[in-house]
2 protein chains.
Amino acid sequence: MTDQPGPTLSDQDLLRLDGQICFSLNAAGRAFGSLYRILLKDLGLTYPQYLVMLVLWQHGELPVKDIGHHLRLDSGTLSPLLKRLEAAGLIRRERSTEDERSVHARLTEAGDALRSQAACVPRRIATATGYDLAEIRDLQARLDRLTAALDAAAADL
Amino acid sequence: MTDQPGPTLSDQDLLRLDGQICFSLNAAGRAFGSLYRILLKDLGLTYPQYLVMLVLWQHGELPVKDIGHHLRLDSGTLSPLLKRLEAAGLIRRERSTEDERSVHARLTEAGDALRSQAACVPRRIATATGYDLAEIRDLQARLDRLTAALDAAAADL
DNA sequence: CACAATTAAGTTGTGCACAACTCAATGCCT
DNA sequence: AGGCATTGAGTTGTGCACAACTTAATTGTG
């Protein structure tokens, strides 16, 4: 029989311990945000805008829907964000001719040119983590598993 | 000699790979957010508000500054949030008599009563992760190390 | 074909995060 | 004591995330 600390934690204990993972997750996310904010300042991009640009640099022209799919964002977030990117002259938005519901985002020359300016960012971020590639991938895998589990749990409430 | 993918990744490769950790981190954070949103709906709390309540349930009366220290939030975020908690009748805010700059947040009876209602939340979250306690702690440690590294990197820009 | 259901964007409203700022209270220092 | 920097909250403005809703185009079905 086991008389270790015990597998049974009281709700009070959990209430005290709770927040820990999400605290850590939150803190890490914000730390990333701060760093990106600094590194992206010269490019005139916010971190979410940078993520959208990353998607466009990889995939070229894309409908809003697909961008949202890649980033797990809905039109309520993307519509104003894309408007700002368009106002900044980095992308153009055009209604698809074949399906008039769909709007496609496409890089302008300036948007494409920004790519080379952004090229140094990932390396600086990677260096800042202090992790090597294997560790990063491992951490990522754990986080993705976590996300999947949470999504599944949320699905059947 | 090694002719594997190689330790030297081009900036373009990194640009493609980039976002991965922060993507995963972001996704996990949002997945947590969704789940908490559902579980906290009955309590009438948002997730950040719940975090503040957690701190108050643990520490009792606290100055705004200390709450911010626990949660890594500044007054710009906390002031309106605490106002909403006060409007909801869960806390009271009172200027300290000994230092009139400082404002202390204190649980009302309703705020304290909410604690028992919230007691079931952490367990449900923990279950939803699909991780056991050891894995959670391990992940947490990695995330905290990551945060520290990123903070340090941001400090010397 | 007509009409209901679905889909894609966009809009509105709320709340959070953060930078930059104001203001008052306190501490410090000669 | 006088004067100045520091500290703690709060305010303002921008941008993101998300829920709930609207609008218009498309699809599916009887």
Side-chain angles (χ1 to χ4, degrees), chain A residues 22-23 25-38 40-41 44-53 62-69 71-88 91 93-105 151 154, chain B residues 22-23 25-38 40-41 44-53 62-69 71-88 91 93-105 151 154:
Chain A
C22 39
F23 268 29
L25 214 57
N26 237 301
R30 297 224 241 97
F32 263 119
S34 302
L35 195 55
Y36 273 110
R37 198 173 300 118
I38 296 168
L40 294 175
K41 202 171 184 179
L45 292 176
T46 66
Y47 176 45
Q49 287 167 8
Y50 169 73
L51 295 183
V52 170
M53 292 302 287
L62 271 186
V64 173
K65 172 190 147 86
D66 289 8
I67 298 176
H69 184 256
L71 302 179
R72 293 180 64 128
L73 294 173
D74 66 2
S75 68
T77 301
L78 283 176
S79 285
L81 191 156
L82 293 172
K83 263 189 174 177
R84 283 187 281 271
L85 286 180
E86 185 173 42
I91 67 168
R93 294 179 308 146
E94 316 171 327
R95 293 232 162 242
S96 165
T97 51
E98 57 204 20
D99 184 345
E100 298 245 337
R101 290 172 303 181
S102 170
V103 169
H104 292 244
D151 280 348
Chain B
C22 39
F23 268 28
L25 215 57
N26 235 301
R30 299 224 241 98
F32 263 118
S34 301
L35 195 54
Y36 273 111
R37 197 172 302 120
I38 296 168
L40 294 174
K41 202 172 184 178
L45 291 176
T46 66
Y47 175 47
Q49 287 168 8
Y50 169 74
L51 295 182
V52 169
M53 293 302 286
L62 270 186
V64 173
K65 172 191 148 85
D66 289 9
I67 299 175
H69 185 256
L71 301 179
R72 293 178 66 127
L73 293 172
D74 66 2
S75 68
T77 300
L78 283 176
S79 286
L81 191 156
L82 292 173
K83 262 188 173 176
R84 283 186 282 270
L85 285 179
E86 186 173 42
I91 67 167
R93 293 178 308 145
E94 315 171 329
R95 291 230 162 244
S96 164
T97 52
E98 57 204 21
D99 185 345
E100 299 244 338
R101 290 172 303 183
S102 171
V103 168
H104 291 245
D151 280 348

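Fair warning: this is a prediction, and the values are worked out from it, not measured in the lab.
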Nearest-nucleotide wise, let me know which of A/N26 and B/T97 is further upstream toward the 5' end of DNA chain C. A/N26
Between C/dG15 atom C1' and B/L82 atom CG, what is the distance in whole Å? 14 Å
Identify whether any heavy atom of A/P80 sits under 4.0 Å from a base atom; if not, whether one sits that close to sugar-phosphate; answer base, sugar-phosphate or nothing. nothing
Selection from C/dG15, C/dA9, D/dG10 that lies nearest to any side-chain heavy atom of B/R93: D/dG10
Nearest atoms (heavy-atom pairs only) where A/L45 meets A/M53: CD1-CG, 4.1 Å
Partner set under side-chain hydrogen bond (donor to acceptor under 3.5 Å, both in side chains) for A/R37, not counting sequence neighbours: none
In terms of side-chain heavy atoms of B/P48, which of C/dA17, D/dG8, D/dG10 is nearest? C/dA17
note: A/R95, atom CZ; C/dA8, atom P; distance rounded to Å ~ 12 Å
Check the interface with nucleotides 18-24 of chain D: list each N/O to N/O pair with the protein under 3.5 Å, or write none.
residue: D/dA19; atom: OP1; partner: B/R37; partner atom: NH1; Å: 3.3

Salt bridge (Lys or Arg N to Asp or Glu O under 4.0 Å) with B/R72: which residues, sequence neighbours excluded? B/D151
Between D/dT11 atom C1' and B/L81 atom CG, what is the distance in whole Å? 16 Å
Can you name the residues that form a side chain to side chain contact (heavy atoms under 4.5 Å, CB included) with B/D74, not counting sequence neighbours? B/T77
Please report, rounded to the nearest Å, how far the C1' atom of D/dG8 is from the NZ atom of B/K65. 8 Å
Checking contacts here: which listed nucleotide (D/dT26, D/dG15, C/dG15) is nearest the side-chain heavy atoms of B/Q49? C/dG15
Ignoring backbone atoms, establish whether B/K83 has a side-chain N or O less than 4.0 Å from OP1 or OP2 of D/dT11. yes
Looking at A/S102, does any N or O in its side chain come under 4.0 Å of the phosphate oxygens OP1/OP2 on C/dT7? no
Could you state the atom-to-atom distance from CD of A/E98 to P of D/dT27 in whole Å? 10 Å
Separation of B/Y47 atom OH from C/dA17 atom C1', in whole Å? 14 Å
Rounded to the nearest angstrom, tell me the gap between atom CD in B/E94 and atom P in D/dG8. 19 Å
For A/E86, side-chain hydrogen bond (donor to acceptor under 3.5 Å, both in side chains) partners two or more places apart: A/R93
Kindly give the heavy-atom pair with the smallest separation between B/L40 and B/T46, and that separation in Å. CD1-O, 3.8 Å
What residues, two or more places apart in sequence or in another chain, satisfy ring pair (Phe, Tyr, Trp, His ring centres under 6.0 Å) together with B/Y47? B/Y36
With heavy atoms under 4.0 Å as the rule, sort A/L78 into base, sugar-phosphate or nothing. nothing
Length of the line joining A/L62:CG and C/dA8:P, which is rounded to integer Å: 14 Å
